[in-house]
Structure formats: structure tokens, C-alpha cells
Amino acid sequence: MKKILFVAATLLALISTSCSNNGGIDVNDPKEYCWKVTVSASYMGMEQSSEVYVWADGEEVQDAIEEAKEELKVFEAMGGSGKVTAVKSNLSTEESCYQANQQ
């Protein structure tokens with residue numbers, strides 16, 4: 001379980017600092033939105049899921065997802081599995097997006 005939490009925390013840190021798609025992300029859209037990014041991981045029958053809200057444009061979100069998927073390959077090589085998804089949230093300001101992470 002500690003490995004799952006470590007991997008999930010590492011991936012969320014990566015996403016929140018670099019902050020990209022699994023579907024529906026337009027990398028050519030320069031407008032910034034509040035994205036709900038979810039990282040799910042499973043290891044030896046234990047599952048963990050974490051989410052973070054990120055204010056970013058489509059290209060930034062896509063890049064972060066691709067980086068997170070690369071990190072997951074290492075986790076998967078150890079016998080785990082993982083998934084990263086991003087969807088636009090209904091939060092319309094940068095402030096409200098970051099406040100969502102405080103709740």
C-alpha cells in the first residue's frame with residue numbers, strides 16, 4: 001500500500017508542477033481551464049486513487065499526462081497497474097481551481 005501511495009503522490013506532484021489527454025483534450029486550445037486529473041493505481045489487489053485540480057491549457061495538460069504515463073510504466077514493470085485521466089471541471093477561475101485542492 002505504501003508503494004501505491006508513493007506512486008500516486010509522485011504522479012500527482014509531476015502533474016501539478018508540469019501540468020495534458022486521455023480524450024477530449026484539445027492541445028491546440030490556448031485557453032486555460034481547471035482540469036480534474038485523476039491517478040488510479042493498483043498493486044497486489046490494493047487500489048488507490050487520487051485527484052488534483054490543475055489550471056492549464058490543453059497542451060500543458062496533455063504533456064503532463066504523457067509524462068505521468070511514462071512514470072506509470074515503471075510502476076507497471078513492478079507488477080502494478082495505473083491510469084491517468086483528465087477532464088475539464090466546472091470550476092471557472094484559477095483561484096477556485098486551486099482552492100479545490102485545499103478541500
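Residue indices begin at 1 and follow the sequence shown.
- A distance of 10.0 Å separates NZ of K83 from NZ of K69, quoted to the nearest 0.5 Å.
- How far OG1 of T93 is from CD of E32: 12.0 Å, rounded to the nearest 0.5 Å.
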Step-by-step side chain to side chain contact (heavy atoms under 4.5 Å, CB included) determination, V54 to V52: CA-CA 6 Å; V54 179; V52 65; 4.0 Å; yes
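- In terms of hydrophobic clustering, with Ile, Leu, Val, Met, Phe, Trp and Tyr side chains grouped at heavy-atom distances under 4.5 Å, M44 and L72 are assigned to a common cluster.
- Considering CD1 of I65 and CD of E70, their distance stands at 13.0 Å, rounded to 0.5 Å.
- Across all non-hydrogen atoms, the minimal contact from Y43 to M78 is CE1-O, 3.5 Å.
- When all heavy atoms of S92 and S96 are compared, the closest pair comes out as N-OG, 3.9 Å.
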message: Let's go through K73 and E76 carefully: what are the C-alpha distance in whole Å and the side-chain angles of both, what is the deciding distance for salt bridge (charged side-chain N to carboxylate O under 4.0 Å, His left out) to 0.1 Å, and is it a yes or a no?
response: CA-CA 5 Å; K73 287 181 182 178; E76 290 168 350; over 6 Å; no
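- Nearest heavy atom pair, residue L91 against residue W55, reads O-CZ3, 4.4 Å.
- Across all their heavy atoms, T38 and E51 have their closest contact at OG1-CB, 3.9 Å.
- The SG atom of C34 lies 7.5 Å from the CG atom of N101; values are rounded to the nearest 0.5 Å.
- From C97, atom SG reaches atom OH of Y33 across 13.0 Å, with rounding to the nearest 0.5 Å.
- Between I25 and A86, the shortest heavy-atom distance links the atoms CD1-CB, 4.0 Å.
- Of all non-hydrogen atoms in S89 and Y53, the two that sit nearest each other are CB-CE2, 3.9 Å.
- Taking OG of S42 as the start and CD of E47 as the end, the distance is 4.5 Å to the nearest 0.5 Å.
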